[in-house]
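Written below as structure tokens is the structure these notes are about.
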Amino acid sequence: MSGLGKGVVTSSIIKILDFYGYSVLPIKFDGYLNYDCGTMNPYRHGEVFVLDDKSEVDMDFGMYERFLNRSITGDLSITGGKLFSSIITKERRGDYLGEDVQIIPHLTDEIHKQIETIAEKKKPDVFVIEVGGTVGDIENSYFIESMRQFSLKHEVVFINLTYVPSIDVVGEQKTKPAQLGFRMLLQSGIMPNFIICRSDAKLLEKTKEKLAMFSNLGKERIIDDSDVGTLYELPLYLMSQKFDKMLIKDLGLHPRGIDNAKYNAWKSRTSRIKKPGTKVTVSVVGKYTGLKDSYASIKEALIHAGAELDAGINIRWIESDNLEGKKDLPELNGSDAIIVPGGFGRRGIEGMINAIRYAREHGTPFLGICLGMQLMVIEYARNVAGMKSANSSEFNPKTKYNVIDLLESQRDIKLKGGTMRLGSWSCKLPMTDSIAYRAYGSHDIEERHRHRYEFNGKFAKALERAGLKITGITKNGSLVEFVEWSNGFGIGTQAHPELKSRFESAAPLFVGLIKEAMSRKK
Ligand code: GLN
């Protein structure tokens, strides 16, 4: 079933192999027919993650990068949409002249080709492939069949992630769902090397024995994935069950020693999350707070900053709709910092603007991300610079003060897929005396983007006169990337710094925000 944390398990396996110094790359199969995640609703599917190369991918890619501590590329995301699109292009070109084009062998071979192409280019020791969906789904059946065939020509280890529920009253662990899932996998011709069991409580010996007996696997290959203190602890927990040793052996890899420095640094960071020093309360005022996955990267970036600074972050998720039309916002009292994250469409906007006014007037450290930055500009224009009807043309196309507007180059774009300002962009931070420069410690930085609207340069002078500082611009100077209040700690960025935050290297802006919040608490 979905929601078992396949992304975390995949990332943990990647990290384990990385601890041993193997070069490892993730691949994700997604069965849906969307070409990529760009047109999906974050409220249903979770956050859309963006890579340096402009790819809009599944949020699990965020998890991979956060564990792997480096940037990866969009070709590692193989979707049903991409596969079908490629097959049909080839068919029209005449690549299959005379043949019936079929799921097997054409689509299944296409999957092999895509993996082999990446392998030739990047030459990793191992791919860890996450097959989206559930065994038995129509959507991913051709991926599973393709992997069965793949294992006939390459060294492949299969891992079955499954669920072991407990019946609350007696705490008895039930193995039937796992047995049925396993049996279905066998029906597809795949015998897993390991069964990893997601469960609330630690797997009982009795449960392991039963699953081992039903699956013809040794008991040591039934792996416990019960709740750990933080998800970053999972690689360590899997290793405590000797999973690393068995996996490396099964993969036929040349045995290597573990990189102790890397392993120990990871371990000490996880213990800092579990026993933090100062407690910091951060309110995130957004429009998709009902589904926490919509803001997965922001949540993790805060955890990373906390781990770096030895702070325990308590996130208060506040639905912006609820802050609309109010004067006082008791909901925000007690916040050590406030974040307004990214988003699209008019709903909830006025509540976010209200929250920004609250932060400015109460001197609460504030970070606006993408939409959050745009609203910070609107709030400033309305309440400080006297442009009462200031807005973004996304929400009010008729306003005289369109302080946020579409770029000329965006006006004629009709196609919605992959046409925003996307991917990694270089940015200049010219002033040494700015929150941005102090956070990054460099005049040249790169961050990822995903938006259509921009700060309207027409209003730059007027807003600067009113006290809004422009502290970051694109390399060619044409677009505004960072704005700040002249008083207090308030910064907005058109970029998404949370997308490059990693467990071992927290995003500088988040570290800056939490550091400020901590220093005010003292
Ligand atoms: N809706 C805004 C835009 O398209 C902001 C997008 C975002 O926050 N990612 O520019």
Side-chain angles (χ1 to χ4, degrees), residues 2 6-7 10 25-65 71-93 95-96 101-104 106-118 121-122 127 129-134 137-147 288 293-294 296-297 342-345 370 409-410 412-425 448-452 496 499:
S2 63
K6 230 188 302 178
T10 307
L25 277 178
I27 288 182
K28 171 106 200 260
F29 293 158
D30 275 304
Y32 46 70
L33 296 179
N34 300 62
Y35 190 85
D36 60 28
C37 286
T39 56
M40 289 183 182
N41 185 344
Y43 216 29
R44 270 181 58 88
H45 195 81
E47 160 187 271
V48 177
F49 199 77
V50 184
L51 302 174
D52 284 344
D53 65 6
K54 303 185 175 17
S55 310
E56 296 175 282
V57 289
D58 185 89
M59 58 185 287
D60 281 339
F61 278 79
M63 196 77 82
Y64 305 154
E65 286 195 339
S71 300
I72 52 180
T73 50
D75 52 352
L76 302 172
S77 162
I78 301 183
T79 63
K82 285 185 190 171
L83 288 170
F84 281 96
S85 152
S86 151
I87 291 281
I88 289 167
T89 308
K90 287 183 181 174
E91 187 276 332
R92 292 288 82 187
R93 204 164 58 200
D95 290 13
Y96 311 116
V101 185
Q102 292 179 302
I103 300 278
I104 306 169
H106 299 94
L107 200 67
T108 42
D109 282 357
E110 179 66 25
I111 298 172
H112 296 183
K113 266 183 228 142
Q114 296 209 2
I115 298 173
E116 283 156 1
T117 308
I118 307 169
K121 250 199 298 191
K122 310 218 164 121
F127 282 120
I129 302 180
E130 178 180 343
V131 184
T134 304
D137 278 354
I138 292 183
E139 269 79 14
N140 68 11
S141 55
Y142 56 87
F143 283 118
I144 291 179
E145 168 58 14
S146 162
M147 286 301 95
Y288 315 118
D293 273 358
S294 317
S297 294
F344 294 82
C370 203
S409 58
Q410 281 282 343
D412 297 325
I413 292 178
K414 295 271 177 319
L415 297 178
K416 293 283 186 236
T419 55
M420 287 189 249
R421 174 145 88 101
L422 287 168
S424 181
W425 286 72
R448 293 176 181 173
H449 286 246
R450 182 172 188 261
H451 56 102
R452 272 185 219 287
H496 284 278
L499 299 179

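If you're wondering where the values come from, they're calculated on a predicted model, not measured in any experiment.
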Give the minimum heavy-atom separation between [X] and [Y], together with the two atoms involved.
X: D58; Y: C37; result: N-SG, 3.4 Å
X: I118; Y: I27; result: CD1-CD1, 4.1 Å
X: Q102; Y: H106; result: N-ND1, 2.9 Å
X: T117; Y: K113; result: OG1-O, 2.6 Å

Check your understanding: Parallel, tilted or perpendicular: which fits the ring planes of H45 and Y32, with parallel below 30° and perpendicular above 60°?
Key ->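 Perpendicular, since the angle between the ring planes exceeds 60°.
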**Request:** Evaluate the side chain to side chain contact (heavy atoms under 4.5 Å, CB included) criterion for residues L422 and M420: first the C-alpha distance (whole Å), next the side-chain angles of each, then the deciding distance (0.1 Å), finally the verdict.
**Result:** CA-CA 6 Å; L422 287 168; M420 287 189 249; 4.1 Å; yes
Within-4.5 Å side-chain heavy-atom neighbours: [X] and [Y]:
X: T79; Y: N34; answer: no
X: H496; Y: V50; answer: no
X: F29; Y: I115; answer: yes

* Asked: Between the side chain of K90 and the main-chain N/O of Y96, is any donor-acceptor distance below 3.5 Å?
  ->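 Pair absent, no side-chain N/O of K90 close to backbone of Y96.
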Practice task
Keeping the roles fixed (side chain from E56, backbone from G417), state whether a donor-acceptor pair exists under 3.5 Å.
Solution key: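 No, because the side chain of E56 does not come within donor-acceptor range (under 3.5 Å) of the backbone of G417.
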| message | Working to the nearest 0.5 angstrom, can you tell me the gap between Y142 OH and E110 CD? | response |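 If I round to the nearest 0.5 Å, the distance is 11.5 Å.
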With [X] via salt bridge (Lys or Arg N to Asp or Glu O under 4.0 Å) - residues at least two apart:
X: E116; value: K153
X: D293; value: none
X: D60; value: K28

query: For S146, which residues count as a side chain to side chain contact (heavy atoms under 4.5 Å, CB included) partner, sequence neighbours excluded?
result: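 With sequence neighbours excluded, S146 shows a side chain to side chain contact (heavy atoms under 4.5 Å, CB included) to T108, I111, H112, given in chain and number order.
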Fill in: S71: side chain to side chain contact (heavy atoms under 4.5 Å, CB included) partners, not counting sequence neighbours
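S71: side chain to side chain contact (heavy atoms under 4.5 Å, CB included) contacts with D52, E65, R448, R502.
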Checklist entry - For D53, which residues count as a side chain to side chain donor-acceptor pair (under 3.5 Å) partner, sequence neighbours excluded? => result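 Side chain to side chain donor-acceptor pair (under 3.5 Å) check on D53 returns S55.
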inquiry  = I'd like to know whether T73 forms a side chain to side chain contact (heavy atoms under 4.5 Å, CB included) with K121, so could you lay out the CA-CA distance, the side-chain angles of the two residues, the decisive distance to 0.1 Å, and finally the verdict.
reply    = CA-CA 12 Å; T73 50; K121 250 199 298 191; over 6 Å; no
